[in-house]
Amino acid sequence: MQPIIDRNPSTGEVLAEIPGATLSEIQGAVATARQAQGGWAQLSPADRAQKLQGMVASLEKREGKIARAITQEMGKTFAAATGEVKGYTGGVSAQVEEVCKAMQPDDFSTDKMQTQVVRAPHGVVAAITPWNFPLGMPLSILIPALGAGNSVVFKPSEHVPLTGVLIFDAIAENVPAGVITLVQGAGDVGAALVESDVDMIGFVGSRDTGKRIMSSAAGELKRLVLELGGKDPVIVFADSDLEAAAECVTGGSLRNTGQVCCSVERVFVEASVSDKFESMVLEKAKAWKHGDGFEENVNMGPLVSVEQRDKVAAQVTEAVRDGARLLLGGQTPEGPGAFYPATVLAGVDPSLRVARDETFGPVVSLSTFNGEEAEAIRLGNDTPYGLGASVWSGDVERGRRVAGALQAGQVGVNRYLAGAAGTPWVGARQSGFGFLGGIEGHRQFATPKTLSVPV
Ligand code: ADP
């Protein structure tokens, strides 16, 4: 299969060249995982949880190495990479406990029988993950998949193979041999893994790849959890705390150089305050400096690759050609590296590609609406995606009404999207199929099975 050329997107330097797993290596990794799965599934959820808790120390031990690998391989700032490693490692213990709780049986009875609903693992799970949160995204699949008693074949993104090895090592040293195996490669390896003898695919990545996986999994009705992209809207009514809304919009659009599945992609501001709001966003966006993630005073690294940067640049150029106003950025810098500056567009017509296709870059895209709830809802829902959304209004009841009508899995009122700890990460419509996190999300890595006996 296609080899991986792992490049530092800040410099273009080749960090590693790794051959893509061959078909027989992929099949071997699946067979090894299958062999190990039976014994792993026989452990109680609590015994599995105890072993998985060992990951905390194993990740902590590698904290510096993982953070450095993340910055080198995909470019995010070292501070952000360190934050990701600390944050997700700090969350492992609670996640493992929550999965253990989700796997407990439920008892039912009538006067004739007693039934226990147990949670049977699916078997072997392919974990296919992206590069934007190179530790966080894999953990969101690996922990519930393993905790439920599945074994896992892990394929990290071809952009972060070295980070993938560190994650694999941190887990492998805590579970019996073969319970997790690793394959490296690009989309061709991912596709072959989906086709192989796995029972479930846990995937985080783009909508188009999600669709391909779904159609390839259909032949054997393999189980799926697909967490996909979004085109998240933010709706700002004139009576909002505009300063707080501008902060949310700017940070939400530019964080991780805009490469976040739930980044703010479309902003609809009530027309009567749009000039004021544009100025606020512009001032805030000017403070976002791009550069090598290891440099001081940099808030955004490069895009993950030159190809990704060029896609973003093309959307911006096209938008400006077709009437959007460029308030900041929008010029591809000279020199090496996949850099692109913080960019602010205003007057973006909802028909433009930048308002329709996922941008996945550091672009704040501002549009206006007339202040009517129905119009805000129509614009917000004018996308096939449905990951997150956010509504800002001084009238919280109105905020709740609009939030209730938006077709998104996670909506915030006067804040951005994600829910409190313990709630799932959900994409509605074409932003997902199945979902991750919370008791309900964890349970998708097992199938309920009823065991009944007469009384
Ligand atoms: P992104 O480029 O935004 O990471 P992708 O959906 O292309 O999004 O990639 C996410 C993960 O899916 C990566 O690990 C990638 O190698 C893998 N992948 C890409 N194409 C396929 C495919 N056809 N089948 C399975 N996995 C794939």
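Counting starts at 1 for both ligands and their atoms, following the listed order.
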**Student:** In sequence, state the C-alpha distance, the side-chain angles, and the governing distance for Arg356 and Asp349, and then conclude on salt bridge (Lys or Arg N to Asp or Glu O under 4.0 Å).
**Tutor:** CA-CA 10 Å; Arg356 308 210 70 78; Asp349 189 274; over 6 Å; no

**Student:** Step by step, would you call Phe133 with Val260 a side-chain contact (heavy atoms from CB on, under 4.5 Å)?
**Tutor:** CA-CA 8 Å; Phe133 290 90; Val260 184; 3.9 Å; yes

**Student:** Counting only heavy atoms closer than 4.0 Å, does ligand 1 sit against the backbone of Ala186, its side chain, both, or neither?
**Tutor:** backbone

**Student:** Mind checking whether Trp131 and His159 have parallel, tilted or perpendicular rings, split at 30° and 60°?
**Tutor:** perpendicular

**Student:** Between Glu158 and ligand 1, find which residue part has any heavy-atom pair under 4.0 Å and reply side chain, backbone, both or neither.
**Tutor:** side chain

**Student:** Return the closest protein heavy atom for atom 13 (C) of ligand 1 as residue, atom name and distance.
**Tutor:** Thr129 O, 3.4 Å

**Student:** Just jot down the ligand 1 atoms closer than 4.0 angstrom to any heavy atom of Ile128, in number order.
**Tutor:** 11 (C), 12 (O), 14 (O), 17 (C), 26 (N)

**Student:** Return the closest protein heavy atom for atom 12 (O) of ligand 1 as residue, atom name and distance.
**Tutor:** Phe203 CE1, 3.2 Å

**Student:** Strictly distance-based, threshold 3.5 Å: is any side-chain N or O of Glu25 a donor or acceptor partner for the main-chain N or O of Thr22?
**Tutor:** yes

**Student:** Give the atoms of ligand 1, by number and element, whose distance to some non-hydrogen atom of Ile213 is under 4.0 Å.
**Tutor:** 24 (N), 25 (C)

**Student:** Please compare Ser157, Ser206, Gly185 and report which has the shortest non-hydrogen distance to atom 6 (O) of ligand 1.
**Tutor:** Ser206

**Student:** So, regarding Thr209 and ligand 1 (criterion: nitrogen or oxygen to nitrogen or oxygen, under 3.5 Å), is there a contact or not?
**Tutor:** yes

**Student:** Does the protein put a heavy atom less than 4.0 Å from atom 16 (O) of ligand 1?
**Tutor:** yes

**Student:** Testing Lys284, Arg255, Arg415 one by one against Glu247 for a salt bridge (charged side-chain N to carboxylate O under 4.0 Å, His left out), which residue passes?
**Tutor:** Lys284

**Student:** In the protein, what heavy atom is nearest to atom 2 (O) of ligand 1, and what distance, to one decimal place, separates them?
**Tutor:** Trp131 NE1, 3.5 Å

**Student:** Assess whether a salt bridge exists between Arg7 and Glu73, defined as any Lys/Arg side-chain N lying under 4.0 Å from an Asp/Glu carboxylate O.
**Tutor:** no

**Student:** So which protein heavy atom does atom 26 (N) of ligand 1 come closest to, and at what separation?
**Tutor:** Gly190 CA, 3.5 Å

**Student:** Quick one: nearest non-hydrogen protein atom to atom 19 (C) of ligand 1, plus distance?
**Tutor:** Gly187 CA, 3.4 Å

**Student:** Between Phe168 and Phe154 (judged by ring centroids, cut-off 6.0 Å), do the two rings come close enough to count as a pair?
**Tutor:** no

**Student:** For ligand 1, is there an atom lying under 4.0 Å from some heavy atom of Phe360?
**Tutor:** no

**Student:** Suppose we screen for side chain to side chain contact (heavy atoms under 4.5 Å, CB included). Which residues come up paired with Val298, at least two apart in sequence or across chains?
**Tutor:** Thr77, Glu295

**Student:** Find out whether the Lys NZ or Arg CZ of Arg207 is both under 6.0 angstrom from the six-membered ring centre of Tyr385 and within 45° of the ring's axis.
**Tutor:** yes

**Student:** Where's the contact between Asp208 and ligand 1, heavy-atom distance under 4.0 Å: side chain, backbone, both or neither?
**Tutor:** neither

**Student:** What distance separates Gln259 CD from Glu358 CD, expressed to the nearest 0.5 Å?
**Tutor:** 10.5 Å

**Student:** Need the ligand 1 atom indices (1-based, order shown) with element for anything under 4.0 Å from a heavy-atom of Lys155.
**Tutor:** 13 (C), 14 (O), 15 (C), 16 (O)

